[in-house]
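These notes concern the structure reproduced below.
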Number of protein chains: 2
Amino acid sequence: MRDSDRTVIRALALFREIAEAEFDRLIEGAFLQRFPMHVVLINEGEHADFLHIIVEGVVELFARYEARETTIEILQPVTTFIPAAVVRDDVYLKSARTLAPSRILMIPATNVREMFGRDPVFARAVVDEVALRYRRLVRALKDQKLRTGAERLANWILETDRQQGSRGRVSMPYEKRTLSALLGMTPENLSRTLASLTAHGISGNGREILISDRDALLRCARPDPLIDGPE
Amino acid sequence: MRDSDRTVIRALALFREIAEAEFDRLIEGAFLQRFPMHVVLINEGEHADFLHIIVEGVVELFARYEARETTIEILQPVTTFIPAAVVRDDVYLKSARTLAPSRILMIPATNVREMFGRDPVFARAVVDEVALRYRRLVRALKDQKLRTGAERLANWILETDRQQGSRGRVSMPYEKRTLSALLGMTPENLSRTLASLTAHGISGNGREILISDRDALLRCARPDPLIDGPE
DNA sequence: CGTGGGGTTGATACAGTTCAAGATACGTGG
DNA sequence: CCACGTATCTTGAACTGTATCAACCCCACG
């Protein structure tokens, strides 16, 4: 593992506070691997043998049922997945694939569980992490059940703009079909909804969306700190 | 607190393994309170000052956005809520209300966090609990995004029957309007969907549903261990 | 009895999906 | 570097699922 990689991983909330020796022991047996785009890293139903950490790239968490598929979450560096399955020593409930060439650190699940029992500082960090994920998911479920497609899209634009520095220019980090699955709609529907938002403060071509009238967009989106919060 | 209450709470996965003295210290300053039906216990947005435990009754976790409201989860004894907000020392993202006369144990959040740092056994139990909840929520989101209303209802019937001892006779523990919110549909729609399932193995009057042809219902529901699992 | 809330039923409207065709962008190989 | 082929995206039309609005029924409860 490169020194620069070690540094960014060490900076994760999960590892920031733990002692140097503990960290070394944890990542013993871990390996950092490079994956091309569109590679499946995890299949739902498999037993959780590794805690994955996305060091570089983009990873989609998705799930299937019958012939249908939906996106649960899209992860960018630096983030762990999927901590809950590792903690409970159970099967994954979601699959994961790369959406861009990515570098993934894989830590053996046994290391994580073993260290959890040994280091209270790490234990504290793991709970924080899982609780954070839980809350993110609550937000996603509220978004899904309480809003229309247009509202979800409008709020996604605002939130993504914020994450990208509030420049009023959002660039989609993945395909539109993926975004549509994340927002819980079909690609056709996303296309139409995007077109209809043109009358409410945005304009776009390709993977670029410009926020030309933020107030109009806000009137559409009506963001809520208990759904779209900065967490 | 009654001795019998102490026993059931102590039997919770969260508290089962911890030492007697630690348990005493944890529930110091806690209080067990009786609430009538339809009382709001938690308002989303409030800071999480207590870990609640439902000892008796039924509690609904719900959320609002604009004029809309939806149910996130319905809890029956013995369960904690809402651990993630307590762990992160943050605001609740969901509200909670009783759906039946209930007895609720309220443990000061500071006790929980303080003990977490002191007792690794308890720490382990808390992570397990939060991770379990996380996974339940993943299942709920998959249910919501990947299935139609009729499928959700059919699976709810099968799952509830299982929880009630697989007697082929399901009794709804709450109003139909609540069930409809849990399943993400309107009351009218639930009524119609329930009627339509009559042709697929169920019959019902009032709050009783009889499974007359389980195979037919299974063909409708097509349950999936990664969505409807026993967790 | 009357009253009110939950539940059902019907008619209508809308959001979202599906199917199909056309346009555009993109990577690949010549 | 261009031409080609494929996949993505867009647009249109028909259809399905679900929501909304309104009337009505029924039972519980005062």
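First the proteins, then the strands, lettered A, B, ... as listed; each starts at 1.
The main-chain N or O of B:Asp128 is found under 3.5 Å from a side-chain atom of A:Arg88 such that the two form a donor-acceptor pair.
Here the CH2 atom belonging to B:Trp156 is positioned 12.5 Å from the CG atom belonging to B:Asp143, to the nearest 0.5 angstrom.
Evaluated for a side chain to side chain donor-acceptor pair (under 3.5 Å) with B:Asp161, the options B:Arg167, B:Arg169, B:Arg214 yield exactly one hit, B:Arg214.
Contact check on B:Glu44 versus A:Lys142 returns a salt bridge, with a Lys/Arg side-chain nitrogen under 4.0 Å from an Asp/Glu carboxylate oxygen. B:Lys145 and A:Glu69 are not joined by a salt bridge, as no carboxylate oxygen comes within less than 4.0 angstrom of a charged side-chain nitrogen.
One can place CG of B:Leu146 at 15 Å from C1' of C:dT17, the figure rounded to the nearest angstrom. Atom pair A:Glu151:CD and C:dG16:C1' shows a separation of 14 Å (rounding to whole Å applied). Note: CG (A:Leu183) to P (C:dA15) measures 17 Å, nearest angstrom. One can place CE of B:Met37 at 13 Å from C1' of D:dC29, the figure rounded to the nearest angstrom.
Relative orientation of the B:Tyr92 and B:His52 rings is perpendicular, given thresholds of 30° and 60° on the angle between their planes.
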> What is the per-nucleotide protein-contact pattern of nucleotides 8-23 of chain D, from the 5' end, where B denotes a base atom under 4.0 Å from a protein heavy atom, S denotes such proximity for sugar-phosphate atoms only, and - denotes neither?
Replying inline: SSSBBB----SSBB--
